[in-house]
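Notes follow the structure.
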Amino acid sequence: YWGPKAEGPARGAFRMFMETARFVHAVALPGGMRVGGDGFRTTLKVRLMHAQVRRLLWDSARWDEARWGVPINQHDLVATALLFSVVVLDGLRKLGLQIGRDEAEGYVHLWRYVGWLMGAEEALLPASEADGLRVGELMQLTQGEPDASSFPSGGIRATFEARGYTAWDCTSPVFLNRSGSNVTLC
């Protein structure tokens, strides 16, 4: 069960989903991104949370910055702005919603502002929907392949340990579930 009564990793995933939904709602409400608005305050809290996570990881003897790079870096921040802008617009259109050019550009601009408040460099953030699509294509070319943390069994190998892998080891028992004559890639 995935919901408020879930236990273990599912509970954490549900909680994160709900926090993200509240964040997007606060950002999108009229006046939400005005200084002091709920979306504005929540965005700054997210920025501070990211800074705290970075500090904790840098202070951790387990984080290998030379190997894994800066945690929650510019690539990550811009990808987040793209996800909540051009990717959402694409999904809404695929669902049949008619979104005009001005409305789409306003939505991209909203998330450009949110991305900037979260710490993304302004020059990296898309200035238009078309720009966002181009930036997204470039980011797909520069993003590493999924690692063990992308699998439901990702807890076996923590994210900070798995990030260094660039390809899946499909022969690893971590990724294979054998049941009788059936073998499932997990």
Side-chain angles (χ1 to χ4, degrees), residues 1-6 9-54 68-147 149-152 154 159 163 166:
Y1 172 72
W2 189 78
K5 295 180 182 179
R11 181 169 182 79
F14 180 78
R15 184 181 55 105
M16 178 66 84
F17 173 79
M18 293 305 295
E19 288 173 3
T20 302
R22 282 191 293 273
F23 167 65
V24 171
H25 183 254
V27 163
L29 280 175
M33 289 307 295
R34 287 197 175 105
V35 174
D38 286 345
F40 182 87
R41 288 194 325 268
T42 304
T43 300
L44 294 182
K45 286 178 186 177
V46 169
R47 182 175 182 161
L48 291 172
M49 179 186 63
H50 287 167
Q52 179 70 3
V53 168
R54 273 188 221 100
W68 301 320
V70 175
I72 313 175
N73 57 40
Q74 290 294 306
H75 190 282
D76 298 333
L77 294 172
V78 173
T80 299
L82 290 174
L83 173 66
F84 286 112
S85 60
V86 295
V87 173
V88 166
L89 288 170
D90 180 57
L92 291 173
R93 287 182 178 125
K94 287 179 178 172
L95 289 171
L97 272 70
Q98 301 295 317
I99 301 170
R101 183 182 182 279
D102 288 346
E103 186 177 12
E105 294 302 326
Y107 193 70
V108 170
H109 182 74
L110 170 68
W111 285 99
R112 176 182 168 88
Y113 178 54
V114 172
W116 177 76
L117 283 176
M118 288 176 61
E121 293 179 25
E122 186 176 2
L124 299 175
L125 292 164
S128 66
E129 185 177 11
D131 190 30
L133 293 170
R134 285 190 297 274
V135 171
E137 288 174 9
L138 176 63
M139 292 189 86
Q140 285 180 342
L141 294 172
T142 61
Q143 186 174 8
E145 292 186 29
D147 57 37
S149 67
S150 300
F151 290 94
T159 299
R163 285 190 67 182
T166 57

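Just so you know, these numbers come straight off a predicted model, no measurement behind them. Along the sequence shown, residues carry numbers from 1.
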Taking all atoms of both residues into account, what is the closest heavy-atom pair of [X] and [Y], and its distance?
| X | Y | value |
| --- | --- | --- |
| G39 | T43 | O-OG1, 2.7 Å |
| G115 | A81 | CA-CB, 4.4 Å |
| A120 | V78 | CB-CG2, 4.2 Å |
| E122 | W116 | CB-CD1, 4.0 Å |

Taking the side chain as every heavy atom from C-beta outward, state whether [X] and [Y] have any pair of such atoms under 4.5 Å apart.
| X | Y | result |
| --- | --- | --- |
| T20 | F84 | yes |
| D76 | H50 | no |
| L82 | P126 | yes |
| M33 | V114 | yes |
| V108 | L89 | yes |
| Y107 | V88 | yes |
| T42 | V27 | no |

- Short side-chain to backbone donor-acceptor contact, E129 and V86, under 3.5 Å: no
- Between the side chain of Q74 and the main-chain N/O of G119, is any donor-acceptor distance below 3.5 Å? yes
- Message: Apply salt bridge (Lys or Arg N to Asp or Glu O under 4.0 Å) to residues D90 and R93 and explain how you reach the verdict.
- Response: CA-CA 5 Å; D90 180 57; R93 287 182 178 125; over 6 Å; no
- Heavy-atom count around Q52 CD within 6.0 Å, excluding the residue itself: above 12? yes
- Query: Take atom NE2 in H75; do more than 12 heavy atoms of anything else shown fall under 6.0 Å from it?
  - Reply: yes
- Rounding to 0.5 Å, atoms CG (D38) and NZ (K45) come to a distance of 8.5 Å
- Message: For V46, run the side-chain contact (heavy atoms from CB on, under 4.5 Å) check against R41, E19, M118 and tell me which one passes.
- Response: M118
